Protein chains: 2
Amino acid sequence: MKNLDATFAALSDETRRAILARLMEGEARLSDLAAPFDMTQTAVTKHVRVLSDAGLLVVEKRGRTRHCRLNARAMKEASDWLSDYQSFWTQQFDNLAQHLTGSRTRRSK
Amino acid sequence: MKNLDATFAALSDETRRAILARLMEGEARLSDLAAPFDMTQTAVTKHVRVLSDAGLLVVEKRGRTRHCRLNARAMKEASDWLSDYQSFWTQQFDNLAQHLTGSRTRRSK
DNA sequence: TTTTTACTGAACCATTTAGTTGACTATATA
DNA sequence: TATATAGTCAACTAAATGGTTCAGTAAAAA
């Protein structure tokens with residue numbers, strides 16, 4: 001899936017994850033999103049563009065402002081991909097727990 | 001979380017996701033991992049290094065071979081981060097479903 | 001109408017990334 | 001011992017990334 005490339009890449013930047021976290025509280029204008037960060041609005045606009053290209057948010061033009069809101073689809077796809085591994089890590093943690101509690105002491109080495 | 005940067009960045013490459021998928025079937029040597037790809041082993045080694053740095057897999061030196069296996073922790077952290085948004089996308093899909101089925105027609109535009 | 005606000009676009013820069021090649025080390029095998 | 005195998009390391013390249021500045025447009029407010 002080529003789309004997962006864009007989604008995970010978009011999520012790999014702390015600024016962009018903070019933008020998404022902000023949008024959990026609801027819709028925001030570009031300038032509102034930019035305000036908390038120590039960088040130019042142009043830079044934040046680029047981050048928003050990356051998130052938008054990945055389908056993680058939607059930008060709506062309204063007068064002279066741009067309003068952003070979360071878009072669930074892409075994030076769900078990323079989560080679905082990871083969930084394939086869930087059984088694996090659950091089992092791994094179970095093994096660790098068993099090892100720590102000694103509930104299964106018969107181990108080779 | 002700085003670690004999430006590395007984890008999501010590592011997951012944003014299809015080759016690396018394929019390597020992780022391969023490791024779901026069990027441990028593999030570096031040369032085994034490299035075989036399916038149309039690139040040099042050096043390139044694959046670099047991908048493995050990225051995955052290792054992100055904590056997504058573990059490399060064990062054994063004789064002249066290197067054996068790789070999945071490491072669940074980092075993947076779980078990424079999944080946990082995404083799960084914060086789960087309620088959001090569930091709700092969004094519910095809204096969509098309601099809209100499509102017309103089960104709640106009274107909507108302000 | 002003038003000015004401010006919200007944002008865009010192009011050009012530029014430094015750093016990182018994903019790949020290559022070629023020379024090397026270390027371990028098995030014949 | 002000689003040779004093949006598994007992998008490392010350094011150097012290089014091209015493209016992508018994350019930031020900047022500056023000039024411009026379009027909408028709202030004075």
Side-chain angles (χ1 to χ4, degrees), chain A residues 1-23 26-69 74 78, chain B residues 1-23 26-71 74 78:
Chain A
M1 286 251 168
K2 206 66 191 173
N3 201 25
L4 278 177
D5 281 32
T7 303
F8 282 127
L11 292 175
S12 74
D13 183 278
E14 196 159 29
T15 301
R16 288 193 290 261
R17 289 196 305 276
I19 289 173
L20 293 176
R22 165 66 186 78
L23 289 180
E27 182 177 288
R29 298 178 308 162
L30 271 180
S31 45
D32 294 335
L33 290 177
F37 298 107
D38 187 22
M39 63 180 77
T40 62
Q41 186 177 325
T42 303
V44 174
T45 299
K46 284 189 179 185
H47 282 302
V48 167
R49 183 77 205 278
V50 172
L51 291 164
S52 168
D53 286 349
L56 288 161
L57 57 74
V58 169
V59 183
E60 185 192 342
K61 188 173 176 176
R62 208 181 297 165
R64 71 181 159 182
T65 59
R66 304 291 184 281
H67 295 251
C68 305
R69 56 180 191 280
Chain B
M1 285 251 170
K2 205 66 191 172
N3 201 25
L4 278 177
D5 280 32
T7 304
F8 281 126
L11 292 175
S12 74
D13 183 278
E14 196 158 30
T15 301
R16 288 193 290 261
R17 289 196 305 275
I19 289 173
L20 294 176
R22 164 68 186 77
L23 291 178
E27 181 177 288
R29 298 178 309 163
L30 269 181
S31 44
D32 294 335
L33 290 178
F37 298 108
D38 186 23
M39 64 178 76
T40 62
Q41 185 176 327
T42 303
V44 174
T45 299
K46 285 189 180 186
H47 281 304
V48 168
R49 183 79 206 277
V50 171
L51 290 164
S52 168
D53 286 349
L56 287 161
L57 57 75
V58 169
V59 183
E60 185 191 344
K61 187 173 177 175
R62 206 181 298 166
R64 70 180 158 183
T65 58
R66 303 291 184 281
H67 295 251
C68 306
R69 55 180 192 281
L70 280 181
N71 185 25

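Sequence lines set the chain letters: A, B, ... in the order given, protein chains first and strands last, and positions in each chain run from 1. The model shown is predicted, which means the values in this text are computed figures rather than measured ones.
In this structure, the CG atom of A/L30 is 17 Å from the P atom of C/dT5, given to the nearest Å. In this structure, A/H67 places its NE2 atom 12 Å from C1' of D/dA27, rounding to the nearest Å. At whole-Å resolution of the value, CZ in A/R49 and P in D/dA16 are 15 Å apart. The CG atom of A/D5 sits 15 Å away from the P atom of C/dT17 (whole-angstrom rounding). C/dG19 atom P lies 10 Å from atom CG of B/D38, rounded to whole Å. One atom, CD of B/E60, and another, P of D/dG7, lie 13 Å apart when rounded to the nearest Å.
A/R16 comes within contact range of the sugar-phosphate backbone alone, with a heavy-atom separation under 4.0 Å but no base atom that close. B/T40 comes within 4.0 angstrom of a base, heavy atoms only. Note on B/T42: a base of the nucleic acid sits closer than 4.0 angstrom, heavy atoms only.
For the pair B/K61 and A/T45, both in contact range of DNA chain C, the more 5′-proximal nearest nucleotide belongs to A/T45. The nearest heavy atom of DNA chain D to A/R62 and to A/S12 marks one nucleotide each, and the one closer to the 5' end goes with A/S12. Both B/Q41 and A/D13 lie close to DNA chain D; mapped to their nearest nucleotides by heavy-atom distance, the more 5′-ward contact belongs to B/Q41.
Heavy-atom minimum distance, B/C68 versus B/V59: SG-CG2, 4.1 Å. Nearest heavy-atom pair across A/S31 and A/Q41 is CB-OE1, 4.1 Å. Taking each heavy atom of A/A43 and A/M39 in turn, the nearest pair found is CB-SD, 3.7 Å.
For D/dA6, the base has no donor-acceptor partner in the side chain of B/R64 [N/O atoms by modelled type, under 3.5 angstrom].
In terms of phosphate contacts, A/R66 brings a side-chain nitrogen or oxygen within less than 4.0 Å of OP1 or OP2 of C/dT8. Phosphate proximity of D/dG7 to B/R29: absent, as no side-chain N or O sits under 4.0 Å from OP1 or OP2. At D/dA27, none of the side-chain N or O atoms of A/T65 fall inside 4.0 Å of OP1 or OP2 (strictly under the cut-off).
Distance from the side chain of A/K46 is smallest for D/dG19 among the nucleotides D/dG19, C/dG19, D/dG7.
Residues A/L33 and A/L23 meet the side-chain proximity criterion, which asks for heavy atoms closer than 4.5 Å.
Remark: the backbone N or O of B/A10 is paired with a side-chain donor or acceptor of B/R16 at under 3.5 angstrom.
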